[in-house]
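Keep in mind it's a predicted model, so treat the numbers as computed, not measured.
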Amino acid sequence: MDRGVEISFQLNSSREDQALVEALGNLTGNYFAKEIDLQWQIFHVTLEDKKFYKVLFTGKRLNKLHPKYENEIKRKFDELAHMDYSTIMDYYRKESAADSFKAEKIKEIKEEYDLWQDKLWNYI
């Protein structure tokens with residue numbers, strides 16, 4: 001990926017909570033959107049029999065020339081992900097009440113293994 005940050009993750013609990021996933025992606029995105037031109041998308045990915053979530057953050061200043069933002073986005077997402085459920089959901093409700101808050105919904109996608117896209121092939 002030339003531009004952007006991709007964060008893939010699974011939830012710890014057996015029940016999937018889409019509200020929590022949206023909270024993580026949208027809180028992180030809005031936090032940095034105040035500073036840089038940033039867009040994000042949230043996906044629920046099915047890869048054969050596995051399911052996980054992926055958040056993609058993209059923007060003009062978010063690329064390999066500016067690794068500062070790549071690291072900061074990952075750090076902020078991780079910080080939010082380590083909060084307990086009720087704390088993060090209360091924080092999300094408070095933040096999302098603002099008129100300027102942008103909320104993305106989860107999109108369902110299916111992926112297939114593509115060995116030709118595997119980074120291993122770059123080294124052969």
Q.
Please evaluate residues Tyr69 and Leu38 with respect to the criterion side chain to side chain contact (heavy atoms under 4.5 Å, CB included), reporting the C-alpha separation (whole Å), side-chain torsions for both, the decisive distance (0.1 Å), and the verdict.
A. CA-CA 10 Å; Tyr69 289 113; Leu38 185 70; over 6 Å; no
**Q.** Atom pair CG/CD1 of Leu24 and Ile88 - distance to nearest 0.5 Å
**A.** 4.0 Å
(Q) Tell me the closest heavy-atom pair linking Gln39 and Gly59, and the distance in Å. (A) OE1-CA, 4.1 Å
Q.
Please determine whether salt bridge (Lys or Arg N to Asp or Glu O under 4.0 Å) holds for the pair Glu79 and Lys76, giving the CA-CA distance in whole Å, both sets of side-chain angles, and the decisive distance to 0.1 Å.
A. CA-CA 5 Å; Glu79 174 188 316; Lys76 181 66 175 179; 3.4 Å; yes
Q. Can Asp90 and Arg93 be said to form a salt bridge (Lys or Arg N to Asp or Glu O under 4.0 Å), step by step?
A. CA-CA 5 Å; Asp90 287 343; Arg93 279 188 281 282; 2.8 Å; yes
Q: Report the distance from atom NZ of Lys94 to atom CE of Met89, rounding to the nearest 0.5 Å.
A: 15.0 Å
Q: Report the distance from atom CD of Glu70 to atom CD1 of Ile7, rounding to the nearest 0.5 Å.
A: 9.5 Å
Q | Note, Phe101 side chain near Leu27 side chain (heavy atom, < 4.5 Å) | A | yes
Q.
Could you measure the distance from the CD1 atom of Ile109 to the CG atom of Leu47? Nearest 0.5 Å is fine.
A. 9.5 Å
Q) Under the criterion side-chain contact (heavy atoms from CB on, under 4.5 Å), which of Glu95, Lys102, Glu104 is the partner of Asn26? A) Glu104
Q: Would you please classify the geometry between the Phe57 ring and the Trp40 ring as parallel, tilted or perpendicular, with 30° and 60° separating the classes?
A: tilted
Q.
Can you tell me how far apart CD (Gln10) and NZ (Lys54) are? Round to the nearest 0.5 Å.
A. 12.5 Å
Q. What distance do Thr46 atom OG1 and Phe52 atom CZ have between them, rounded to the nearest 0.5 Å?
A. 8.5 Å
Q: Would you check, one step at a time, whether the test side chain to side chain contact (heavy atoms under 4.5 Å, CB included) holds for Leu20 with Tyr92?
A: CA-CA 9 Å; Leu20 176 60; Tyr92 185 56; over 6 Å; no
Q. Under 4.5 Å between any side-chain heavy atoms of Tyr53 and Glu22, yes or no?
A. no
Q. Which is it for Phe77 and Tyr31 under the ring pair (Phe, Tyr, Trp, His ring centres under 6.0 Å) test, yes or no, and what are the steps along the way?
A. CA-CA 10 Å; Phe77 187 91; Tyr31 181 85; over 10 Å; no
